[in-house]
Amino acid sequence: MNIDDRIERRLDGEPGTGVFVDFDAVSPVSHVDSPAGRGPMIERLLDAFQPALSGSAPPTVYVYGPKGSGKSAVVAALFERLAARGGPRRAIQTTTRAVEPAVPGFAYVDARRASTRFRLYRALLSATTDEPVPGRGVGTDELTETLRGAVRTGPDLVVAVDHVGEPGTPSPAALREWLADAGEGLVPACIGRDPPDAVDWEPDATVEFATYRRHVLVEVLTSRCSTGLGRDALSHAQIRDIVEWAAGDAHDALAAVTGAAVSADRAGASTVRPTDVDAGIDAVSRPCVALGRVLALAESRRRILYELAALPDEARATVSAATEAVAARPDVDLSPSTVRRVLYELSDAGFIRRETVRRGGKGRPPSRVVPRFPTTAFRELFDRDARST
DNA sequence: ACCTGGTCCCGGGCTCGGTTTT
DNA sequence: AAAACCGAGCCCGGGACCAGGT
């Protein structure tokens, strides 16, 4: 947050004494313009893309590393800058331009929201053209031709596809093929968690992200909290405790901070108390699914998880009980049969865990339903999203 | 044998953009 | 110009069948 924003905030009448000042600054799903403590990684990425920047053909690049190590934050920020500094958007023909721009275009796509060919092409079209892109009622082949047309002229386009190879997102090999089908100049740069030898794709270059070191993650949280939370709302010691617990995972750490701040906010406190830190940490299961995955789900699935996260323990004791409780909520308009099926689907995809409980009854023993995502942070994001629309 | 939980699959229908007919 | 129609992707609902327990 720059000085103007800070002044603006005071002009809006916010005294700056609440817990939250800028929710997005601490939210695990929003990426900041300049990620703290990751300068060396930006250099490594620029090294990998150097050929493209000096006029040669762009290389294919694979960026990998564990969850919460800053891959998305750094690559998204870098590609945004590269795209902004690149030539005009490709759909805009610049016949007056004397020399073809030597530097390729750059685009960032989240595979979680582009999990099919149709959706990938759609995402690319809206990234490269200003025209509205149809979301339904049009065939994939037709969309392919539209994209081919938009890409045929102009420089190459480096497409960073984030979160490849997760459950529900395409593999690098599938993406390479999809991009090749849609034009010559589309060069993939995939970002995933699997090491290169476990991936069905041979990139020209690889860049590895390592887990955050403790002191760097402290730096990240301190920076985020200084803009996102009220002054001294979270003490240095508390930040260190959360970092210690998070074991280098920035996503989990930020989710815990968000949960702690929500807890304090609800209690009307102006600073985060020890019980709030405990509550914040408790609401983040370990291991846990990234919030970005939860938010990329269809609206009906998000609604089910939202309701599920607020159920008391006994209502989650069996899948049947959870089904009944969720389906009975007024805002859920799915049939119990569908809720049940979706719960099993979400369990398969890792969003919830089923723990079989021994019980003296007849038949196969049921299993308890446990959320595997940051519950408080998700519910807060869900509420804020509902309020803004 | 019987019961309940879990897996898998697919037809139908919804919504939306594009096309043809009125 | 409006209305009717068509076809695309995607979601919902439900049922057939399998698994694991008494």
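To find a chain, count down the sequence lines: A is the first, B the second, and so on, and within it residues start at 1.
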Picking from B:dG6, B:dC16, C:dG20, the nucleotide nearest the side-chain atoms of A:S367 would be B:dG6
Looking at A:L120 and A:V109, what are the two nearest heavy atoms and their distance? CD1-CG1, 4.1 Å
Atom-pair distance (CZ on A:R136; C1' on B:dT15), nearest Å: 5 Å
If you assign A:Y344 and A:V138 each to the DNA chain B nucleotide with the nearest heavy atom, which residue ends up on the more 5' nucleotide? A:Y344
Can you check the A:L343 CG to B:dG5 C1' distance for me, whole Å? 13 Å
Is a donor from one side chain sitting under 3.5 angstrom from an acceptor on the other, for A:R372 and A:S285? no
Got a salt bridge between A:E355 and A:R353, using NZ or NE/NH1/NH2 to carboxylate O under 4.0 Å? yes
From CD1 of A:I352 over to P of B:dG6, roughly how many Å is that when rounded to an integer? 11 Å
Would you give a per-nucleotide map of nucleotides 11-18 of chain C, 5' to 3', where B means the base has a protein non-hydrogen atom under 4.0 Å away, S means only the sugar-phosphate does, and - means neither? SBBB----
Quiz question: by atom type and distance under 3.5 Å, do the side chains of A:S335 and A:T338 form a donor-acceptor pair? yes
A:E345 CD to B:dC8 P, in whole Å, measures 11 Å
Proximity to DNA chain B (any heavy atom under 4.0 Å), residues of residues 166-180 of chain A only: none
Please tell me whether A:S72 and A:D162 have a donor and an acceptor in their side chains that are separated by less than 3.5 angstrom. yes
Out of C:dG9, B:dG5, B:dG18, whichever nucleotide has its closest atom nearest the side chain of A:F118: C:dG9
Is it true that A:S30 and A:D24 share a donor-acceptor pair across their side chains at a distance under 3.5 Å? no
Less than 3.5 Å apart, which donor and acceptor atoms pair up between the side chains of residues 193-204 of chain A and the rest of the protein, not counting sequence neighbours?
unit_1: A:D200; atom_1: OD1; unit_2: A:A173; atom_2: N; d: 3.4
unit_1: A:D200; atom_1: OD2; unit_2: A:S171; atom_2: OG; d: 3.3
unit_1: A:D204; atom_1: OD2; unit_2: A:T60; atom_2: N; d: 2.8
unit_1: A:D204; atom_1: OD2; unit_2: A:T60; atom_2: OG1; d: 3.2

With sequence neighbours excluded, what pairs up with A:T323 under the side-chain hydrogen bond (donor to acceptor under 3.5 Å, both in side chains) test? none
Checking A:D331, A:V294, A:D383, A:V326 against A:Y306 for side chain to side chain contact (heavy atoms under 4.5 Å, CB included), the one that qualifies is A:D383
Less than 6.0 angstrom separating the ring centers of A:Y108 and A:F106, yes or no? no
Write down the distance between CD (A:E299) and P (C:dC10), rounded to a whole number of angstrom. 17 Å
Would you indicate, yes or no, if C:dG9 has its OP1 or OP2 atom less than 4.0 angstrom from a side-chain nitrogen or oxygen of A:T116? no
Reckon A:S320 touches a base, only the sugar-phosphate, or nothing at all at heavy-atom distances under 4.0 Å? sugar-phosphate
Pairs under 3.5 Å (N/O, protein and nucleotides 2-5 of chain C):
none

Less than 3.5 Å apart, which donor and acceptor atoms pair up between the side chains of residues 31-40 of chain A and the rest of the protein, not counting sequence neighbours?
unit_1: A:R38; atom_1: NE; unit_2: A:S69; atom_2: O; d: 3.4
unit_1: A:R38; atom_1: NH2; unit_2: A:S69; atom_2: O; d: 2.8
unit_1: A:R38; atom_1: NH2; unit_2: A:A210; atom_2: O; d: 2.9

Below 6.0 angstrom between ring centroids: does that apply to A:F351 and A:F373? no
Strictly below 4.0 Å: does A:T356 bring a side-chain N or O up to OP1 or OP2 of B:dG5? no
Picking from C:dG9, B:dT7, B:dC3, the nucleotide nearest the side-chain atoms of A:R354 would be B:dT7
Over how many whole Å does the gap from A:R117 atom CZ to C:dA8 atom P extend? 14 Å
Measure from CG on A:L143 to P on B:dG17 and round the result to the nearest Å. 13 Å
